[in-house]
Amino acid sequence: MQIVALLCTVLVFGSTCLAADDAKIGGALDARLLSARAQADAACNSRTFTVECWAKVRGKDGFNIFVANEPKSSKAHWEIYAYAKTGGFSAYLPANRQAEIKSSFDVTDGKWHHLAMVIDGGQIRLYADGREVARAKDTRPVRKTGRPGQLAFGSLVSGRIGCNGSIDEVRISKTARK
């Protein structure tokens, strides 16, 4: 469902943001040109979920955001990204006691990487190309049900920080995928 929302959002802006010749599968979002937004659903705020995507990043001068849920000020905010200067695949969840989960796995080498954050209610795990690269205990408080906010692809929801690359095949699941 989220993939469809992303594609619909991207198509509204036209094909200039699709890098079909450089895509992993079909057409990819070229986040160097613009990012995309979609309305999140309940899976994005649940205790157990998986967010995954393919990403190809062309530089590590700054942070590179792949997928972000809600604004940074929200207790439900999370984002997966490449860390500035190191390119390490990372996640930020401000409501967690260990808010920043960083790996040393550099994903800014100009090659396609499959990236995932898996939260099973007890652990937050980061995977790059099928290998676990970082983990932390999930200490996020249980969130009261509320209306989910926006989901951003290739930037923060605010649009302040983007991505120097392409993003393809985003999938968000209501389960902890292996």
Side-chain angles (χ1 to χ4, degrees), residues 1-3 5-6 31 35-55 57 60 62-108 113-163 165 167-178:
M1 184 160 73
Q2 294 299 328
I3 295 169
L6 169 62
S35 60
R37 306 277 181 287
Q39 183 64 38
D41 76 12
C44 297
N45 296 336
S46 66
R47 294 295 302 161
T48 301
F49 72 95
T50 302
V51 57
E52 57 190 303
C53 68
W54 285 92
V57 182
K60 56 181 130 191
F63 289 95
N64 288 282
I65 308 296
F66 306 124
V67 184
N69 181 54
E70 299 198 12
K72 276 195 180 261
S73 60
S74 168
K75 290 185 182 193
H77 174 76
W78 54 258
E79 63 192 68
I80 56 174
Y81 61 95
Y83 209 85
K85 306 296 181 214
T86 68
F89 178 49
S90 303
Y92 177 64
L93 301 94
N96 204 54
R97 233 176 266 131
Q98 181 182 340
E100 217 171 24
I101 304 162
K102 296 190 278 186
S103 82
S104 60
F105 191 92
D106 185 356
V107 296
T108 59
H113 294 282
H114 184 258
L115 307 171
M117 177 175 69
V118 179
I119 302 178
D120 64 14
Q123 295 284 316
I124 301 167
R125 293 180 176 89
L126 299 182
Y127 292 88
D129 298 333
R131 193 176 81 202
E132 185 178 313
V133 295
R135 79 166 51 191
K137 187 174 181 182
D138 184 2
T139 60
R140 297 171 301 139
V142 175
R143 183 174 185 213
K144 294 179 179 157
T145 56
R147 191 168 154 231
Q150 278 199 320
L151 197 58
F153 308 91
S155 77
L156 293 173
V157 170
S158 68
R160 284 192 332 244
I161 302 172
C163 180
I167 300 165
D168 207 354
E169 292 296 307
V170 175
R171 177 169 65 172
I172 298 173
S173 307
K174 293 180 182 181
T175 186
R177 292 191 172 273
K178 296 197 181 219

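All of these numbers come straight from a predicted model, not from anything done at the bench. Heavy-atom basis, side chains included; hydrogens, waters and symmetry copies ignored.
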**Student:** Which heavy atom in Gly87 sits nearest to a heavy atom in Ala82, and how many Å separate them?
**Tutor:**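 What the structure gives for the nearest pair is O-CB, 3.9 Å.
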**Student:** Measuring from Tyr81:OH to Ile161:CD1, what's the distance to the nearest 0.5 Å?
**Tutor:** 9.5 Å
**Student:** If I compare all heavy atoms of Ala68 with all of Val157, which pair ends up nearest, and what's the gap?
**Tutor:** O-CG2, 4.0 Å
**Student:** Run the salt bridge (Lys or Arg N to Asp or Glu O under 4.0 Å) check on Asp41 and Lys174 step by step: do they pass?
**Tutor:** CA-CA 10 Å; Asp41 76 12; Lys174 293 180 182 181; 5.0 Å; no
**Student:** Is the Phe63 ring parallel, tilted or perpendicular to the Tyr83 ring (thresholds 30°, 60°)?
**Tutor:**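 Because their plane-to-plane angle is over 60°, the rings of Phe63 and Tyr83 count as perpendicular.
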**Student:** Looking only at side chains, do Ser35 and Arg37 share a donor and an acceptor under 3.5 Å apart?
**Tutor:** yes
**Student:** Any chance you could measure Glu132, atom CD, to Ser103, atom OG, to the nearest 0.5 Å?
**Tutor:** 10.5 Å
**Student:** Which heavy-atom pair separates Pro94 from Ser74 by the least distance, and what is that distance?
**Tutor:** CG-O, 4.1 Å
**Student:** Shortest non-hydrogen contact from Cys163 to Ile65?
**Tutor:** CB-O, 3.3 Å
**Student:** Using side-chain heavy atoms (C-beta onward) and a distance below 4.5 Å, is Asp106 in contact with Thr86?
**Tutor:**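 With C-beta onward as the side chain, the pair stays apart.
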**Student:** Measuring from Asp120:CG to Lys178:NZ, what's the distance to the nearest 0.5 Å?
**Tutor:** 9.5 Å
**Student:** Restricting to non-hydrogen atoms, name the atom on Ala38 and the atom on Phe153 that form the minimum distance, rounded to 0.1 Å.
**Tutor:** CB-CE1, 3.9 Å
**Student:** Could you tell me whether a side-chain N or O of Asn96 sits under 3.5 Å from a main-chain N or O of Lys137, the two making a donor and an acceptor?
**Tutor:** yes
**Student:** Can you tell me how far the CD atom of Gln98 sits from the OG1 atom of Thr139, to the nearest 0.5 Å?
**Tutor:**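 That separation rounds to 8.5 Å.
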**Student:** Return the CZ to NZ distance between Arg160 and Lys72, rounded to the nearest 0.5 Å.
**Tutor:** 7.0 Å
**Student:** Apply side chain to side chain contact (heavy atoms under 4.5 Å, CB included) to residues His77 and Leu156 and explain how you reach the verdict.
**Tutor:** CA-CA 10 Å; His77 174 76; Leu156 293 173; 4.2 Å; yes
**Student:** Can you give me the closest heavy-atom contact between Thr50 and Thr175, atom names plus distance?
**Tutor:** OG1-O, 2.7 Å
**Student:** Which label fits Phe66 and Phe89: parallel for a plane angle under 30°, tilted from 30 to 60°, or perpendicular past 60°?
**Tutor:**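 Phe66 vs Phe89 ring planes: tilted.
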**Student:** Can you tell if the side chain of Leu151 reaches within under 4.5 Å of the side chain of Ile172, non-hydrogen atoms only?
**Tutor:** yes
**Student:** Considering only NZ, NE, NH1 and NH2 on the basic side and carboxylate oxygens on the acidic side, decide whether Arg131 and Asp129 come within less than 4.0 Å.
**Tutor:**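 Salt bridge: no.
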**Student:** Contact between Trp78 and Ile119 at the side-chain level, heavy atoms closer than 4.5 Å - yes or no?
**Tutor:** no
**Student:** Would you check if Arg140 and Arg47 make a side-chain contact, meaning some heavy-atom pair closer than 4.5 Å?
**Tutor:**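 They are in contact (side-chain heavy atoms under 4.5 Å apart), so the answer is yes.
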**Student:** Would you compute the distance between atom CD1 of Ile101 and atom CG of Leu126 and round it to the nearest 0.5 angstrom?
**Tutor:** 5.5 Å
**Student:** Pick from Ile80, Val107, Thr108: which one makes a side chain to side chain contact (heavy atoms under 4.5 Å, CB included) with Asn64?
**Tutor:**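 Exactly one option meets the side chain to side chain contact (heavy atoms under 4.5 Å, CB included) with Asn64, and it is Thr108.
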**Student:** Less than 4.5 Å apart, side chain to side chain, heavy atoms only: is that true for Tyr127 and His114?
**Tutor:** no
